[in-house]
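Scroll down for the structure; my scribbles are underneath it.
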Amino acid sequence: MATKRKICNLPFSCNKQEVLHQESKSCQQVKTLREENLNVDYMILFKRPKADNLFQQLEKDMKYYDGDLAQVKVYGKWHPIPRKQVAYGDDGVYYKYSGNRLPAKPWSNVPALLEIKKAVEDALDKQYLFNFVLINRYKDGSDHMGEHRDDEKELAHCAPIASVSLGQARDFIFKHKDNRAKNKSRTDLKPVSILLQPGSLLVMKPPTNTFWYHSLPIRKNVLLPRINLTFRVIS
Ligand SMILES: O=C(O)CCC(=O)C(=O)O
Ligand SMILES: [Fe+2]
């Protein structure tokens, strides 16, 4: 069974984004991405060759979903996902995502996951204990993830989503909900792009996912695989 735990060590209000993250002693440099209601930090968590070594361990040990769990529902229709996906986490935790109910496999099946989770929690000054990670593997630049917000109600509203990238660097793009194809009422809020390097940690803090979509677009010139791990707190 999923256990309930105290999730927020600090009081959070959407007007006080600055309380959520203090720079970790282990991180040299934090790049901050700030826009209206966009509150994102970026840092290198694992240097080479450590990042390459973790990538190889995950390639060896990770078992991705197949069958129904490898599909997503878009506008009521099921499609194969354009990448591979799996979730790991605490016993009994699951995540409802794009029409699927993803049950977490045990952390202990993949020792490198526990090491990465600890490094992420340390980088965030142990303010959050993550009980779930969604993992996506992009075999090359044709695999991708469309524009979405991670705003499911099961996600603890006060906690960030901590995204670790390994393998090939890929572009990642934020778009404000009021400056997308169908609604351009805020054209002053331009898309924000960042190249996610191997070994990097991107911390998407509230209220980013309420206001900004993000995507990993197709990049035909990318020939090598990438693994992304989004650590989450499911309440
Ligand atoms: O692969 C990435 O960097 C994006 C992953 C993502 O947005 C997600 O898992 O929700
Ligand atoms: Fe996402």
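Remember, it's 1-based here, ligands and their atoms both numbered in the order they're listed. Numbers here simply count residues along the sequence, with the first being 1.
For the residue pair Gln57/Asn53, the side-chain donor-acceptor check at 3.5 Å is satisfied. Looking at Arg83 and Asn136, their side chains do bring a donor and an acceptor atom within 3.5 Å of each other. A side-chain donor from one of Asn228 and Ser163 sits under 3.5 Å from a side-chain acceptor of the other.
Every atom of ligand 1 with a heavy atom of Arg232 under 4.0 Å away is listed here by number and element: 8 (C), 9 (O), 10 (O). Atoms of ligand 1 found under 4.0 Å from any heavy atom of Phe172 (numbered from 1 in listed order, with element): 3 (O), 4 (C). Each of the following atoms of ligand 1 lies closer than 4.0 Å to a heavy atom of Asn136: 9 (O). Atom numbering of ligand 1 starts at 1 in the shown order; those under 4.0 Å from a heavy atom of Met145 are 5 (C), 6 (C), 7 (O), 8 (C), 9 (O), 10 (O). Close approach of ligand 1 to Tyr138 (heavy-atom distance below 4.0 Å) involves ligand atoms 1 (O), 2 (C), 4 (C), 5 (C). Atoms of ligand 1 found under 4.0 Å from any heavy atom of Leu134, numbered from 1 in the order shown, are 9 (O). Ligand-side atoms of ligand 1 in range of His214: 7 (O), range being under 4.0 angstrom from any heavy atom.
Ranking the protein heavy atoms by distance from atom 3 (O) of ligand 1 puts Arg226 NH2, 2.8 Å first. Among protein heavy atoms, the minimum distance from atom 5 (C) of ligand 1 is reached at Asn228 OD1, 3.3 Å.
Of the polar atoms of Asp150, at least one N or O is found under 3.5 Å from an N or O of ligand 1, judged by distance alone. The distance criterion of under 3.5 Å between nitrogen or oxygen atoms is met by His148 with respect to ligand 1.
Remark: side-chain polar atoms of Arg34 are paired, donor with acceptor, to backbone N or O of Val40 under 3.5 angstrom. In terms of modelled atom types and a separation under 3.5 Å, the side chain of Asp52 and the main chain of Gly167 share no donor-acceptor contact. When atom types are taken as modelled, the side chain of Arg170 and the backbone of Pro217 share a donor-acceptor pair closer than 3.5 angstrom. Side-chain atoms of Glu35 never come within 3.5 Å of backbone atoms of Val192 as a donor-acceptor pair (strictly under, hydrogens ignored). Looking at Asp125, its side chain never comes within 3.5 Å of a backbone N or O of Gln127 through a donor-acceptor pair.
When you scan the N, O or S atoms of Asp150 for the one nearest the Fe ion (ligand 2), you land on OD2. When the Fe ion (ligand 2) is compared with the N/O/S atoms of His214, atom NE2 turns out nearest.
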*Walk me through it: do Phe174 and Tyr213 pass the test ring pair (Phe, Tyr, Trp, His ring centres under 6.0 Å)?*
CA-CA 6 Å; Phe174 290 98; Tyr213 284 68; over 10 Å; no
*Quick one: do Trp107 and Asp90 satisfy side-chain hydrogen bond (donor to acceptor under 3.5 Å, both in side chains)? Show the steps, please.*
CA-CA 7 Å; Trp107 295 112; Asp90 289 1; 2.7 Å; yes
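With a 4.0 Å cut-off on non-hydrogen atoms, His144 does not touch ligand 1 at all. By the criterion of a heavy-atom distance under 4.0 Å, neither the backbone nor the side chain of Arg170 is placed next to ligand 1.
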